[in-house]
Amino acid sequence: MSWAGDMKKHADYFCKKFDEQDDWFFPDHLEENASYPTAKEDVQALFAEFGRFIEVDVALAGVREEISLLDKAADDIDQDFCEGVLNDMDLYLENWEGDAADGFRSYLRGQPSIEGALARKRDLVRASKYAMQAYEKAITSFRDDVLALVEAGQKGVEAGEVREAKIMITLASAAASIGVAAATAGAGAAFLATLAVGDALQTGAAGVNATFLEAGSVEEVVGKLPGKGEDILETGRRQMERVRMGFQAVGATMAGAGMPEVNPPRPRLVTDDSFNPDDFHQDGRKPSDRISHDDLVKESKESDSGPGRPGL
């Protein structure tokens, strides 16, 4: 059954238990608690809102797949691996001289450069993962709080069927502050996006940490459930807003001036037909089979006025 279907089932349970009682609960202060006679309608509306808020199982499957993909992306641009590749490039190019050689070395390790872009991409992947993990936690916190409310409500109904019983329901919100790990991950340019996400995920109120329901009958339990459920919804809304701000922070670090840091302009290597990348290798070593022949730029008939690095 879907999450929304489960919520409908829970609402029906509480409404059924309400109908089974001999009389409705009317509080001493009727004017202050005038909504209690509409308890069943309020319970149905609450659990319908729980069902609409997010399709928990589907959302969790999607977010966990995204986290797995981000883990794979992080492995693909692992710092030690990338540094090893760049060191190999230094060896391949050690006998290449001239302005074009200097420009290409700047492309590899200057500013902006491939080396810097890899560091920024590691930061962005790490920041995206923190934001996605916060999204996962917001979903699971919402789910756990709703199910805790259902369980506590059911226990309250069972206890309330014994007249004059006094019931105390405590709901400890699982939606604790998120983003602490991202905000304390490190410092400096290599953690620019990560720190921005950490700040975003800790902005604003976290929501309700605990709520209490004191009741002496089934009618009172059911009548008070909607108000306690609204605490959960409000906490969920606040957590989702934090998550939205976290993803927005990731995008903001790439906007404008940040884009060249992520995607530095490629050098324009103008070559003639005699140029062969395989000629660039150390003496006594065969050229790497990973050298691409697809990135060469043949000399154009007209001057290229597009963006590029001086001297190339």
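Start at 1 with the first residue, then count along the sequence. Quick note: numbers below take in every heavy atom, side chains included, and nothing from hydrogens, waters or symmetry partners.
- Looking only at distances, no side-chain donor or acceptor of T38 sits under 3.5 Å from a matching main-chain atom of E41.
- Between atom OG of residue S2 and atom NZ of residue K8 there is a gap of 12.0 Å, rounded to the nearest 0.5 Å.
- Residues L93 and L108 meet the side-chain proximity criterion, which asks for heavy atoms closer than 4.5 Å.
- The main-chain N or O of I77 is found under 3.5 Å from a side-chain atom of R122 such that the two form a donor-acceptor pair.
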*asked:* Go through it in stages, so that I can follow the logic: the residues are F14 and K40, the test is side chain to side chain contact (heavy atoms under 4.5 Å, CB included), and I'd like the CA-CA distance, side-chain angles, deciding distance and then a yes or no.
replied: CA-CA 8 Å; F14 288 114; K40 290 195 299 180; over 6 Å; no
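- Around the CD atom of E94, the shell of radius 6.0 Å holds more than 12 heavy atoms that belong to other residues, nucleotides or ligands.
- Linking Ile, Leu, Val, Met, Phe, Trp and Tyr whenever their side-chain heavy atoms come within less than 4.5 Å puts F47 and V56 in one cluster.
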*Would you please test W3 and F50 for ring-ring contact (aromatic ring centres under 6.0 Å, His included) and show each step?*
CA-CA 9 Å; W3 171 259; F50 283 161; 7.6 Å; no
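- Contact record, Y13 with Q154: CE2-CG, 3.5 Å, taken as the closest heavy-atom pair.
- Considering only heavy atoms from C-beta on, D90 comes within 4.5 Å of R109 through its side chain.
- Residues E230 and R237 are paired through a salt bridge, judged by an N-O separation under 4.0 Å between the basic side chain and the carboxylate.
- Between R126 and D123, at least one side-chain nitrogen of the basic residue sits less than 4.0 Å from a carboxylate oxygen of the acidic one, meeting the salt-bridge criterion.
- The minimum heavy-atom distance linking G229 with L149 is given by the pair CA-CD2, 3.8 Å.
- Taking each heavy atom of A4 and E55 in turn, the nearest pair found is N-OE1, 3.8 Å.
- Between K155 and E158 no salt bridge is recorded (no basic side-chain N to carboxylate O distance below 4.0 Å).
- In this structure, D12 does not pair ionically with K9, as no charged nitrogen and carboxylate oxygen lie closer than 4.0 Å.
- A heavy-atom distance below 4.5 Å is not found between the side chains of Y107 and E115.
- Residues V243 and A131 come closest through the heavy atom pair CG1-O, 4.2 Å.
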*With side chain to side chain contact (heavy atoms under 4.5 Å, CB included) as the test, would you mind laying out the steps for I232 and K228 before giving the verdict?*
CA-CA 7 Å; I232 296 174; K228 304 309 174 183; over 6 Å; no
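- Of the possible polar contacts, none joining the S106 side chain to the D102 backbone as a donor-acceptor pair under 3.5 Å is found.
- With no hydrogens or angles considered, no side-chain donor-acceptor pair links T140 and D144 at under 3.5 Å.
- By the criterion of side-chain heavy atoms lying less than 4.5 angstrom apart, applied directly or through intervening Ile, Leu, Val, Met, Phe, Trp or Tyr residues, I139 is not grouped with V58; the two fall into different hydrophobic clusters.
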*Verify side chain to side chain contact (heavy atoms under 4.5 Å, CB included) between F53 and M7, making sure each step is shown before the conclusion.*
CA-CA 11 Å; F53 187 77; M7 294 302 101; over 6 Å; no
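- Taken together through direct or relayed side-chain contacts under 4.5 Å among Ile, Leu, Val, Met, Phe, Trp and Tyr, L91 and I114 form parts of separate hydrophobic clusters.
- The two residues L46 and P226 come nearest to each other via the heavy atoms CD2-CA, 3.7 Å.
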Indicate every side-chain donor-acceptor pair of residues 59-76 with a distance under 3.5 Å to a residue at least two apart or in another chain.
residue: R64; atom: NE; partner: E136; partner atom: OE2; Å: 2.8
residue: D71; atom: OD1; partner: K129; partner atom: NZ; Å: 2.4
residue: K72; atom: NZ; partner: D76; partner atom: OD2; Å: 3.4

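- E220 CD to K224 NZ: the interatomic distance, rounded to the nearest 0.5 Å, is 4.0 Å.
- The shortest distance between side-chain heavy atoms of C15 and Q44 falls below 4.5 Å.
- Judged by distance alone, with hydrogens and angles left aside, the side-chain atoms of S113 form a donor-acceptor pair with the main-chain N or O of G110 at under 3.5 Å.
- Side-chain N or O atoms of R238 include none that pairs as donor or acceptor with a backbone N or O of L233 at under 3.5 Å.
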_Residue pair M240, Y135: steps toward the side chain to side chain contact (heavy atoms under 4.5 Å, CB included) verdict_ = CA-CA 7 Å; M240 289 300 185; Y135 183 35; 3.8 Å; yes
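- Considering every non-hydrogen atom in both A39 and G223, the closest pair reads CB-CA, 3.8 Å.
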